[in-house]
Amino acid sequence: MTTLQICALVWLAFVFGLSLWQHINLGLIMIPASFILILFTGLPLNALYSAFPAKLVLLVLGVMYLWNHVQESGFAGIIVKKAVALAKGRVYLLPWIIHVLAAFICAVGALPAAAFAITVPVALEIAKRERISPTLMGVILIQGSCVGGFTPFNPWGNLVAEQAAKAGIPIDALYLFLSQGVIAVAVAVAAFFIFGGLELLRRPISATLSENEGAPEKTVLTPYQICSFLGMLAFIVLVLFKYDVGLTAFTIGMILQIAFRIKSKAALSKLPWGISIMIAGVLIYVGLLEKLGVLHTIGDYLVSIQHPSLVRFSVTIVGTILANFESSSIAVLGLVIPVAVKSMVGVTTILSNSIYLGVLSGCLVVMCASPFHIGGALILSEAEDYDRTFKQLLFWVLGLTLVMPFITFLL
């Protein structure tokens with residue numbers, strides 16, 4: 001590894017640490033860091049601009065623009081209420097209904113952070129009333145979002161697929177989704193039993209829950225809610241027919257905005273600009289690392305390790321440690337997946353590629369329950385016993401950090 005490559009990695013570590021210390025958006029600080037790296041290394045300025053992930057940024061903004069219509073119309077709230085009614089008084093089903101609901105919200109394109117924001121307040125309120133551990137409810141909810149986060153409609157899944165395609169690694173979106181989903185569901189099941197699921201299974205049917213959530217209610221949908229629902233359906237169908245995800249979402253969202261006279265200022269204020277900058281900044285820096293040959297060198301070093309399992313173990317342990325302290329999983333995926341695909345030289349089968357990247361991605365995003373992540377932070381903000389919940393989440397993610405790398409090691 002050359003001196004310039006070492007300096008680029010040291011600079012990355014310094015900037016990453018500074019963003020954590022000063023609570024600065026990682027992508028925001030990565031943009032000037034990339035410019036300084038350009039000046040130091042002598043790379044052309046065009047290398048920075050060419051690394052800008054325009055397609056992915058438009059996807060994130062477009063999907064959230066469309067999803068905001070579903071949320072603002074009140075249709076998202078109706079989905080949550082109807083989903084909770086399915087429990088029919090069986091308390092143990094509530095965490096799993098929320099799990100499926102979060103998975104559905106992310107599966108149609110919403111960022112997991114949006115699913116957290118929509119479902120965590122409702123889920124934790126139910127948890128308080130029904131005496132369910134907030135850690136149990138929160139972790140299972142988060143794993144549901146992880147399952148839905150790797151569909152072709154979601155930025156998480158698209159980021160992994162794009163990085164694999166860029167490196168010439170063939171993968172299958174279905175195998176990627178299923179392999180990651182197995183990890184997420186397995187982690188959710190473990191959390192269910194560790195944090196009090198057996199006690200929930202022994203409880204009798206809740207009369208209060210049956211009356212409040214199980215009673216059928218006649219819901220009259222407004223024109224905005226109906227059109228938002230139809231717009232989401234149209235979006236799913238068009239994406240299945242290979243139309244661009246981000247541009248399709250923007251188009252349908254704009255039709256809804258014009259039809260229902262939504263003010264542009266309100267629509268723009270709800271877009272995830274912070275996440276977009278995070279993605280852009282991280283991937284710009286990763287692009288520069290690639291131009292400098294850093295990723296290729298690291299990939300060659302990992303490939304030189306004779307035991308492939310040690311390669312997978314090394315990549316996963318670094319990724320899980322980063323994921324514990326970074327507030328956005330997409331930033332961690334943006335840093336780790338490019339290194340992972342560079343180390344996959346010689347792995348040619350679509351099935352093995354998809355399973356490896358799916359399991360690796362699953363091992364990274366299960367850390368969303370970290371108290372330092374947006375998912376864990378939202379759980380803590382709604383929990384009655386902050387200290388106890390904080391300790392439970394902290395020990396939970398520390399345990400996952402120790403266990404997850406061995407899963408990829410055994411592949």
Side-chain angles (χ1 to χ4, degrees), residues 27 31 48-73 75-76 104-115 118 145 148-166 171-174 176-177 224-284 286-287 328-331 333-334 337-338:
I31 293 173
L48 187 152
Y49 288 114
S50 64
F52 184 83
K55 184 177 180 180
L56 198 54
V57 169
L58 285 175
L59 184 147
V60 171
L61 292 173
V63 167
M64 289 308 301
Y65 175 52
L66 176 57
W67 177 254
N68 284 339
H69 282 291
V70 179
Q71 193 169 358
E72 289 300 309
S73 69
F75 193 75
F104 170 77
I105 291 171
C106 293
V108 297
L111 281 166
I118 293 165
S145 300
F150 287 87
T151 64
F153 310 108
N154 198 281
W156 281 10
N158 272 270
L159 187 150
V160 176
E162 282 194 15
Q163 291 299 320
K166 191 175 180 181
I171 64 170
D172 185 281
L174 178 61
L176 177 74
F177 168 71
Y224 189 18
Q225 290 170 341
I226 293 169
C227 290
S228 296
F229 173 64
L230 293 176
M232 186 59 72
L233 286 181
F235 166 70
I236 293 170
V237 171
L238 290 171
V239 171
L240 288 174
F241 279 98
K242 307 299 182 184
Y243 283 83
D244 184 87
V245 178
L247 297 178
T248 301
F250 264 121
T251 303
I252 296 173
M254 181 52 66
I255 292 171
L256 290 171
Q257 181 171 339
I258 292 170
F260 294 97
R261 298 184 178 182
I262 307 300
K263 292 182 180 179
S264 290
K265 187 176 180 180
L268 287 170
S269 67
K270 291 181 173 62
L271 292 180
W273 298 109
I275 295 291
S276 300
I277 290 172
M278 172 106 57
I279 294 167
V282 168
L283 293 184
I284 284 172
V286 169
S328 172
S329 293
I330 202 160
L333 288 170
I337 296 300

Q) Going by the angle between their ring planes, with limits at 30° and 60°, are F235 and F153 parallel, tilted or perpendicular? A) tilted
**Q.** NZ-CD distance between K270 and E72, expressed to the nearest 0.5 angstrom
**A.** 4.0 Å
(Q) Could you check whether any side-chain heavy atom of L256 comes within less than 4.5 Å of a side-chain heavy atom of L66, counting everything from C-beta outward? (A) yes
(Q) Nearest 0.5 Å, please: how far is CZ in F75 from SG in C227? (A) 11.5 Å
Q: For M232 and V70, work out which heavy atoms get closest and say how close.
A: CE-CG2, 3.6 Å
Q | Q163 side chain vs P338 backbone, donor-acceptor pair below 3.5 Å | A | no
Q: Please name the pair of heavy atoms, one in Y65 and one in A267, separated by the smallest distance, quoted to 0.1 Å.
A: CE1-CB, 4.1 Å
Q | Point-to-point distance, once rounded to the nearest 0.5 Å, from CG of N158 to CG of L333 | A | 12.0 Å
Q: Working to the nearest 0.5 Å, report the span between CD of Q225 and CZ of F260.
A: 10.0 Å
Q: Go through the side-chain N and O atoms of S264 and Q257 and say whether any donor and acceptor fall under 3.5 Å apart.
A: yes
Q.
Return the CG to OG distance between L271 and S269, rounded to the nearest 0.5 Å.
A. 8.0 Å
Q | Inter-residue atom distance T151.OG1 - L176.CG, 0.5 Å rounding | A | 10.0 Å
Q. K166: what forms a salt bridge (Lys or Arg N to Asp or Glu O under 4.0 Å) with it, not counting sequence neighbours?
A. E290
Q) For the residue pair W156 and G149, what are the closest heavy atoms and their distance? A) CB-O, 2.9 Å
List the atom pairs, with distances to 0.1 Å, where a side-chain N or O of residues 48-62 and a protein N or O form a donor-acceptor pair under 3.5 Å, not counting sequence neighbours.
unit_1: S50; atom_1: OG; unit_2: N46; atom_2: O; d: 3.0
unit_1: S50; atom_1: OG; unit_2: A47; atom_2: O; d: 3.1

Q. Checking H69 side chain against G253 main chain: does a donor-acceptor pair fall under 3.5 Å?
A. yes
Q.
Using only atom types and a distance under 3.5 Å, with no angle test, would you say the side chain of W273 pairs donor to acceptor with the backbone of L268?
A. yes
(Q) Does F104, at its CZ atom, have more than 12 non-hydrogen atoms belonging to other residues, nucleotides or ligands within less than 6.0 Å? (A) no
Q: For the pair N154 (side chain) and F150 (backbone), establish whether a donor and an acceptor sit closer than 3.5 Å, ignoring hydrogens and angles.
A: no
Q) Are any non-hydrogen side-chain atoms of L238 and T251 less than 4.5 angstrom apart? A) no
